Amino acid sequence: QVQLVESGGGLVQAGESLRLSCAASGRMASTYTMGWFRQAPGKEREFVAASTWPGANTYYADSLKGRFTISRNNAKNTVYLQMNSLKPEDTAVYSCAAALGGGDVTRINFYTYWGQGTQVTVSS
């Protein structure tokens, strides 16, 4: 069992940056593949980024490459999402997720554990 708690969301203006954190607790939490997803009002949840274990390979939604960066600190069992040059269309609830083993890291059903999410609002 893994518990995930996100933090770092808030209200920012367009062009500003935010860094989200996802703290994982539980047995072998640092060995999970970690992903970030977001869901905007009235839209489906979509893949943002993922960091695999082992190897820490990273994957991004094509539309977010260059602006968003995922990283992890296994000693702290924490994964981060650095978001730069934020746009109003980035407004959403951002959730982290954890999965064991291999699979398609962009798919929602690959992940077993989910956090509650943190709201990010970008004003124009």
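For the numbers below, each heavy atom of this structure counts, side chains included, while hydrogens, waters and symmetry mates do not. This structure is a prediction, so every number in the text was calculated from the model and none was measured.
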S.K.: Hydrophobic cluster membership, with links at side-chain heavy-atom distances under 4.5 Å among I/L/V/M/F/W/Y: are L100 and M34 in one?
M.R.: yes
S.K.: Once you round to the nearest 0.5 Å, how far does CG of N74 lie from OG of S51?
M.R.: 7.5 Å
S.K.: Is there a donor-acceptor contact under 3.5 Å from the side chain of S124 to the main chain of P88?
M.R.: no
S.K.: What residues, two or more places apart in sequence or in another chain, satisfy ring pair (Phe, Tyr, Trp, His ring centres under 6.0 Å) together with Y60?
M.R.: none
S.K.: Kindly give the heavy-atom pair with the smallest separation between V2 and A24, and that separation in Å.
M.R.: CG1-CB, 4.2 Å
S.K.: Please name the pair of heavy atoms, one in S71 and one in V79, separated by the smallest distance, quoted to 0.1 Å.
M.R.: O-CG2, 3.1 Å
S.K.: How far does OH of Y113 sit from CD of Q1, to the nearest 0.5 angstrom?
M.R.: 5.0 Å
S.K.: In sequence, state the C-alpha distance, the side-chain angles, and the governing distance for Y59 and D104, and then conclude on side-chain contact (heavy atoms from CB on, under 4.5 Å).
M.R.: CA-CA 10 Å; Y59 302 85; D104 187 343; over 6 Å; no
S.K.: With hydrophobic residues grouped by side-chain heavy-atom distances under 4.5 Å, do V48 and I108 end up in a single group?
M.R.: no
S.K.: Measure across Q82 and S17 and return the closest heavy-atom pair with its distance rounded to 0.1 Å.
M.R.: NE2-CB, 3.8 Å
S.K.: Applying salt bridge (Lys or Arg N to Asp or Glu O under 4.0 Å) as the test, list every pair that has at least one member in residues 2-22; sequence neighbours left out.
M.R.: none
S.K.: Could you tell me the separation between the CD1 atom of I70 and the CG atom of L64, rounded to the nearest 0.5 Å?
M.R.: 11.5 Å
S.K.: As an exercise, state the distance from OG1 of T58 to CZ of R72, rounded to the nearest 0.5 Å.
M.R.: 11.0 Å
S.K.: With respect to L81, which candidate in L18, V120, L20 satisfies the side chain to side chain contact (heavy atoms under 4.5 Å, CB included) definition?
M.R.: L20
S.K.: Just to verify, which of Y32, F37, W36 counts as forming a ring-ring contact (aromatic ring centres under 6.0 Å, His included) with Y111?
M.R.: F37
S.K.: Take Y80 and T69 through the test side-chain contact (heavy atoms from CB on, under 4.5 Å) and record every step on the way to the result.
M.R.: CA-CA 8 Å; Y80 305 97; T69 303; over 6 Å; no
S.K.: So W53 and T31, side-chain contact (heavy atoms from CB on, under 4.5 Å) or not? Walk me through it.
M.R.: CA-CA 6 Å; W53 187 93; T31 66; 3.7 Å; yes
S.K.: Measure the spacing between CD of Q3 and CG of N77 and express it to the nearest 0.5 Å.
M.R.: 11.5 Å
S.K.: Which side chain to side chain donor-acceptor pair (under 3.5 Å) pairs, counting each pair once, include a residue from residues 85-97, with sequence neighbours left out?
M.R.: R38-D90, R38-Y94, R67-D90
S.K.: Of all the heavy-atom pairs spanning L86 and M83, show the shortest one and how long it is.
M.R.: CD2-CB, 3.8 Å
